[in-house]
Amino acid sequence: MLATSPARSIGYVVRGTGGQHPGSAQVRVVRRIALDSRPQVSYHRIDVDQFVAGRDERHYDVILVQRDAVAGRFVDAFVAEAGARTTPIVVELDDDLLTDEARSRLIAGGYSSEDLDGLRALVAASSRILVSTKELAKRVRALHSDVVIVENALDPEIWGSRVRVEPPPPRNEVRALYMGSATHVADLHLLRPVFTDLRTHDGRAIVLEVIGVTHHDEEWFRRIPMPDGTGNYPQLVQWLRTLAPRWSLGVAPLEDEFFNKAKSDLKFLEYTMLGLPTIASAVESYHRIPDHGGRVVPNDTQAWRQALVASTYRFGRTGLNVRRAAKYVRGARFLGRDGWNGILP
């Protein structure tokens, strides 16, 4: 009779409750956990208050913390409790929340200095750091010796399932989609002169439609409000997929500045699985997408305008290839069923 391996218990800390979590937590941790089908692994969400008070008596082989999900005021006690249990901590990052150069931008965007200081202390006390890009890995290695790159990937269950799509509206105009969080307001405004009075060769208006990013309406783009219930990533994806026929392409502007250089190509993956070709800024985050059917252009108004007009009538000449992009995403950027196997210590 073969002996069975003892179950491995993984604790994790993410923002949100009741299945409602920020998009980064869903993409980087929650959906990966949901897909992990290995019977010898169990996951348990940790309540930080209970853990630091010593009231969480569950054994954990490792604890995974996503971004700054442990508030700065709890970090010292959290680290002490994990140390008393000899339980290794792994921190998962998909943005630069650590460097001095990024700090002023983060605080201006609503982060507290206490939480950023706490995250640095947590990173220093951790066994391993997981990051989303090579550039982010390079920055984090200045603070920690054990850094592992885990690229962003999509959940095949929410991106590959069948959905009933809405019929496309009349083709009297061409619509480009830009979606993102409130951290991308400056990136959105790169496109203001691009979409001003932009038309196809046959005279149709090329219209920018924006989901997320901003709560303010401006005359140069059309904002699409998100319905109730789509603040959670899986529901957002399902809603986007029903609307996909209304758009002809997705755009991913990104300012070429220090903080953004550590970002990933997630928008390219998402636009691709909406069936949309992607035009993105020619910056570090998107430097590989031309190899997989996307296109990059410099952050120059005329370059963007020319690329958008060209994309509306002949994808082949512009390098845009949705089928090639979809084959790449399905083959190389979908999550598997092995969770964090081989990644967590």
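Both backbone and side-chain heavy atoms feed into the values below; hydrogens, waters and symmetry mates do not.
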N/O donor-acceptor pair under 3.5 Å between Ser311 side chain and Leu308 backbone: yes
Exercise: identify the closest heavy-atom pair between Arg31 and Asp155: NE-OD2, 2.6 Å
Donor on one side chain, acceptor on other, Asn299 and Glu255, under 3.5 Å: no
Flag, side chain of Asp300 to backbone of Ala303, donor-acceptor distance under 3.5 Å: yes
Charged N-O contact under 4.0 Å between Asp146 and Arg128: yes
Co-members of the apolar cluster containing Val207 [side chain, <4.5 Å]: none
Those residues that, when tested against Phe74, pass ring-ring contact (aromatic ring centres under 6.0 Å, His included) (two or more places apart): none
Arg8 side chain to Ser42 backbone, donor-acceptor under 3.5 Å: no
Glu151 with Lys134: basic N within carboxylate O range, under 4.0 Å: no
Pairs involving residues 37-66, ordered by first then second residue, that meet salt bridge (charged side-chain N to carboxylate O under 4.0 Å, His left out) (sequence neighbours left out): Asp36-Arg38
Atom CG of Asp228 with >12 non-hydrogen neighbours under 6.0 angstrom: no
Lys/Arg-Asp/Glu bridge criterion (N-O < 4.0 Å) met for Lys261, Glu135: no
Pair Arg222 + Glu173: basic N to acidic O under 4.0 Å: yes
Check: Met273 main-chain N/O paired with Glu270 side-chain donor or acceptor under 3.5 Å: no
Pair listing, ring pair (Phe, Tyr, Trp, His ring centres under 6.0 Å) test, anchored in residues 102-138, at least two apart: none
Transitive ILVMFWY side-chain link Val131 to Leu143, under 4.5 Å: yes
Residues which pass side chain to side chain contact (heavy atoms under 4.5 Å, CB included) with Ala102, listed by chain and number, not counting sequence neighbours: Asp96, Thr99, Leu106, Phe259
For the student: nearest non-hydrogen atoms of Tyr286 and Ala252, plus distance: OH-CB, 3.5 Å
Point-to-point distance, once rounded to the nearest 0.5 Å, from CG of Leu177 to CG of Leu274: 7.0 Å
Considering all heavy atoms, the nearest Tyr271-Met179 contact: OH-N, 3.4 Å
Thr312 and Arg204: side chain donor to acceptor below 3.5 Å: no
Shared hydrophobic cluster, Leu122 / Ile107 (ILVMFWY, side-chain heavy atoms < 4.5 Å): yes
Leu188 CG to Tyr178 OH distance, which is reported to the nearest 0.5 Å: 6.5 Å
Close side-chain approach of Leu198 and Val309, heavy atoms under 4.5 Å: yes
NZ on Lys138 to OG1 on Thr133, rounded to 0.5 Å: 10.0 Å
Donor-acceptor contact present, side-chain Arg141 to main-chain Leu136, <3.5 Å: no
For Tyr233, all residues meeting ring-ring contact (aromatic ring centres under 6.0 Å, His included), sequence neighbours excluded: none
Heavy-atom pair with the smallest gap, counting every atom of Ser281 and Leu254: OG-N, 2.8 Å
Test: Arg192 and Glu218 ion pair at under 4.0 Å: yes
Point-to-point distance, once rounded to the nearest 0.5 Å, from OG1 of Thr278 to CG of Asn321: 11.5 Å
His216, NE2: over 12 other non-hydrogen atoms inside 6.0 angstrom: no
Contact summary for Ala307 and Ile279, nearest pair of heavy atoms: O-CD1, 3.7 Å
Qualifying residues under ring-ring contact (aromatic ring centres under 6.0 Å, His included), relative to His189, sequence neighbours excluded: Trp220
Side chain to side chain contact (heavy atoms under 4.5 Å, CB included) partners of Asp291, counting only residues at least two apart: none
Ser132 side chain to Asn152 side chain, donor-acceptor N/O pair below 3.5 angstrom: no
ILVMFWY cluster membership beyond Leu335 - transitive side-chain contacts under 4.5 angstrom: Leu35
Remaining members of the apolar cluster that contains Leu130, side-chain heavy atoms under 4.5 Å: Ile10, Tyr12, Val14, Val29, Val30, Ile33, Val41, Tyr43, Val62, Leu64, Val90, Val148, Val150, Trp340, Ile343, Leu344
Shortest non-hydrogen separation from Ile129 to Ser126 and the atoms involved: CD1-CB, 3.9 Å
Common cluster, Leu208/Val185, ILVMFWY with side-chain heavy-atom separation under 4.5 Å: yes
Whether Arg67 side chain and Ser24 backbone form a donor-acceptor pair below 3.5 Å: no
Check: Arg295 side chain, Leu320 main-chain N or O, donor-acceptor pair, under 3.5 Å: no
Nearest-0.5 Å distance, CZ of residue Phe221 to CD of residue Glu209: 11.5 Å
Residues forming a salt bridge (charged side-chain N to carboxylate O under 4.0 Å, His left out) with Lys263, sequence neighbours excluded: Asp95
Cluster check Phe334, Ile149: I/L/V/M/F/W/Y, side chain < 4.5 angstrom: no
Distance, nearest 0.5 Å, that separates CG of Leu243 from CD1 of Ile211: 6.5 Å
Worked check of ring pair (Phe, Tyr, Trp, His ring centres under 6.0 Å) between Phe78 and Phe51: CA-CA 7 Å; Phe78 189 88; Phe51 186 80; 4.9 Å; yes
Worked check of side-chain contact (heavy atoms from CB on, under 4.5 Å) between Leu119 and Leu93: CA-CA 10 Å; Leu119 179 58; Leu93 288 172; 4.0 Å; yes
Joint hydrophobic cluster, Trp159 plus Val165, side-chain heavy atoms closer than 4.5 Å: no
Backbone of Ser161 reached by a side-chain donor or acceptor of Arg241 within 3.5 Å: yes
Donor-acceptor contact present, side-chain Asp117 to main-chain Gly72, <3.5 Å: no
His59 backbone acceptor or donor facing Ser9 side chain under 3.5 Å: yes
Partner of Asp265 by side-chain hydrogen bond (donor to acceptor under 3.5 Å, both in side chains), out of His287, His292, Arg333: Arg333
Results of salt bridge (charged side-chain N to carboxylate O under 4.0 Å, His left out) for Asp217 - residues two or more places apart only: Arg223
Check against salt bridge (charged side-chain N to carboxylate O under 4.0 Å, His left out), Asp68 and Arg15: CA-CA 8 Å; Asp68 57 341; Arg15 288 191 180 275; 3.4 Å; yes
